[in-house]
Amino acid sequence: MLRCLPKVPDFIIPFQSLALPTFHISSVSHCLHKHIELNSPCPTDLSDYIVLLQQCTNRKSLWDLRRTHLHMHKSGFPHLSLGNKLIQSYLKCGSIEDASNLFDEMPQRHIVTWNSMISAYVCHGLSGEAIGLFERMCLENVFADEFTFSIVFKAFSDMGLVHGGRKAHGLLVVLGVEVSDAFVGSGLVDMYAKFGRLRDARLVCDRVVEKDVVLLTALIVGCTQHGENGEALEVFRGMIVEGIKANDFTFSSILIACGVLGDRSGMQIHGLMVKFGYDYVVACRTSLVTMYSKCGSIDDSLKVFERCPGANLVTWTALITGLVQNGREESSLLMFKQMVGKSLSPNAFTLSSVLRACSVLAMYEQGQQIHCIVFKTGLHGERYVGAALIDMYGKCGSIGMARLVFDSLDKRGVVLINSMINSYAQSGYGEGAVELFDHMRKSGIEPNDATFLSVLSACSNAGLVEEGCRIFSSLQRNSKLDPSTDHYACVVDLLGRAGRLEEAENLIKQVEEPDVVLWRTLLSACRIHGKVEMARRVMTRVLELDQGNEGAHVLLSNIFASAGEWSEVSNMKIAMKDMKLKKSPGMSWIKVDREVHTFMAGDPSHPSATEINEELERLREKIESLGYVPDVRFVLQDLNEEEKKRSLYYHSEKIAIAFGLLSNKHNNTCIRIFKNLRVCGDCHNWIKYVSKVSEREIIARDAKRFHHFTDGMCSCGDHW
DNA sequence: CTAGGGTTAG
């Protein structure tokens, strides 16, 4: 192949004939007055300067380098003859700017110089500049070589320029550059894999004659990043079989695939890693921590972590995240504390994990503390952190704070909007959710399936039937998204609660393979509307799909109980006992002075039980005078009227609230209680009255959502 | 003289 440029000699152009570049003077003029001795006295020839440049580069001293440069310039030495060496030196000293200015001055440039500049841009994350230079190179008829191509594809993949990358691939073929070169090949494989074109990546990989570890690792990473984890493992196996030795990069990548697969392959790889001696590389250990936690063996993650003296921020974060994902939120927060104690500063990954722990545990104060850390670390603009904050405040019932965080963020991607809509949904602010959803569409942001799920559940939580139906039909018309059973479940819930049970049932029949959740949702609608006959019919559907569905049994028995069919209720009880199904007991808890107090219905074991009873009695008098009447329809045992009233009286949420009022009599902060099941109708009504007489805001999080009670009203508008 | 692949999150 013909090269346009002759081998460029290392000289050229006398200094005098050049227009004096402004850069030299401005950037180094401050050195002029400093009479610091150069290491070698008054260099005059090429070899002296080469030695000097080498010294500057070794010391990585940009300052000395500029002085040497200036010296050449002032002494009339044709410094551009050393242009390439100077550029290399500048790049090694970390100044792309000096290098780039010098590059522009050079009348002719060696291919090595071009490559060095392009490479430097890519390595400093300036891929746009790199591509610009690559294009300029083409325009100036300089032929790119295998070095150019080994670096430039990364620039295209960084910038997400599929078309440009493919064009560069075309140019490579036209120029006759060897595609079978492993360096060029891995650049291409990496690019195609990152674009999700795994088939192209595979094809390129197959054409490389002498495959090496880097090339195959690039392919493995491509596979894992696009969910082809089995395939990744196959590539790995093939690699071992062919005798190509895996290294730390390979191990840390393949373990990701093992974690997703969740089988025993991870342990096998772990063994191999020990054998190859890579198990003490921190990145590999980090991947091990993640792999074991994804496989559900969080204790193994802990073991790996304990024996990892060089744990860095990523390792800690992997462990903290693993703990949260394995339901050990408290330990994750303790670990976080330990990590901060080691003066490791958390990053966005760490913070979104610990915020998630706070939101699961509804730990409002801790969540706020972490919000402070978010500000201190300057990560409040990060999208994932923002989403986690919105979610945390939402799950702690502080919808106002959630919105505040949301409004403070300017880049509103779909993830953030989903978090906000979801927070509205859980607190029952259906209008807020729908408004945000409509606003999002108007501003041209495409909702995804999670958006639809959140907004539909918001509608069903708030009883916005028409809005919900409108949104669901827009989902059905959406060509890019298919409604899932979860979406259907929301609409079934919405119609069911609104009493449109036949419509709900017909909707389920439209689903190809309706799952048990759909039928159970309809069953719960039957309970609300007391449809005993329909409930029997729906129950047979539930049992076809899931014999031992505890929730459905409880629901049906509640339906019989409210209809007064006590013989059916006792039949159900026997049936459930036979099947070893247990109704989980209702529980409420409240945090007072850093301590969590848990209450069960009628439980007299709390040290303040007497005071609580007195408080309950005082509240009863006050609210009955305002018109509260116990609603015995919510008593599901076969008792007489008086006994029924008594049993309502000791529901756990009432006890928790009475205790909360007692415990902070003198300040009027809001009372937050949590319940493991859903709030019963009588308690809901009771809390409304209590919020009025005590002039306190009461927030109750039940199994599914939040209720904000103020001045005798609830945010759910009695829809739940 | 210039070159390629990795670990943590919703």
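We name chains A, B, ... by the order of the sequence lines, and we start the count at 1 in each one.
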Visitor: Could you tell me how far apart A:Ile320 (CD1) and B:dT8 (P) are, to the nearest whole angstrom?
Guide: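 Taking atom P of B:dT8 as the reference, CD1 of A:Ile320 is at 15 Å.
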
Visitor: Provide a list of protein-nucleic acid N or O atom pairs under 3.5 angstrom, restricted to nucleotides 2-6 of chain B.
Guide:
from	atom 1	to	atom 2	distance (Å)
B:dT2	O2	A:Asn115	ND2	2.6
B:dA3	N3	A:Ser150	OG	3.2
B:dG4	N1	A:Asp212	OD2	2.7
B:dG4	N2	A:Ala182	O	3.1
B:dG4	N2	A:Asp212	OD1	2.8
B:dG4	N2	A:Asp212	OD2	2.8
B:dG4	N3	A:Ser186	OG	2.6
B:dG5	N1	A:Asn247	ND2	3.0
B:dG5	N2	A:Thr217	OG1	3.1
B:dG5	N2	A:Asn247	OD1	2.8
B:dG5	N2	A:Asn247	ND2	3.0
B:dG6	OP1	A:Lys194	NZ	3.3
B:dG6	N2	A:Asp248	O	3.4
B:dG6	N2	A:Ser252	OG	3.3
B:dG6	N3	A:Ser252	OG	2.9

Visitor: Would you call A:Arg328 and A:Asp299 a salt bridge, using N to O less than 4.0 angstrom?
Guide: yes

Visitor: Between the side chains of A:Ser293 and A:Ser301, is a donor N or O closer than 3.5 angstrom to an acceptor N or O?
Guide: no

Visitor: Could you check whether atom CZ of A:Arg136 has more than 12 heavy atoms from other residues, nucleotides or ligands sitting under 6.0 Å from it?
Guide: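 Above 12, so yes.
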
Visitor: If you only use heavy atoms from C-beta on, which nucleotide in B:dT8, B:dA9, B:dC1 is closest to the side chain of A:Thr290?
Guide: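 Per side-chain heavy atoms of A:Thr290, the pick is B:dT8.
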
Visitor: For residues A:Glu105 and A:Asn101, is any side-chain donor paired with an opposing acceptor at under 3.5 Å?
Guide: no

Visitor: Find the distance A:Tyr292:OH to B:dT8:P and express it as a whole number of Å.
Guide: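 Atom OH in A:Tyr292 sits about 16 Å away from atom P in B:dT8.
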
Visitor: Take the protein atom CG of A:Leu416 and the nucleotide atom P of B:dA9, then report the distance between them rounded to whole Å.
Guide: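 After rounding, the gap between these two atoms is 18 Å.
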
Visitor: Taking any heavy-atom pair under 4.0 Å as a contact, classify A:Arg356: base, sugar-phosphate, or nothing.
Guide: sugar-phosphate

Visitor: May I ask you to evaluate whether A:Gln325 reaches the phosphate of B:dT8, defined as a side-chain N or O under 4.0 Å from OP1 or OP2?
Guide: no

Visitor: Thinking salt bridges, do A:Glu231 and A:Arg202 make one under a 4.0 Å N-O criterion?
Guide: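 Here A:Glu231 pairs with A:Arg202 in a salt bridge, since their nearest N and O are under 4.0 Å apart.
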
Visitor: Test: ring-ring contact (aromatic ring centres under 6.0 Å, His included). Region: residues 179-213 of chain A. Which pairs qualify, not counting sequence neighbours?
Guide: A:His169-A:Tyr192

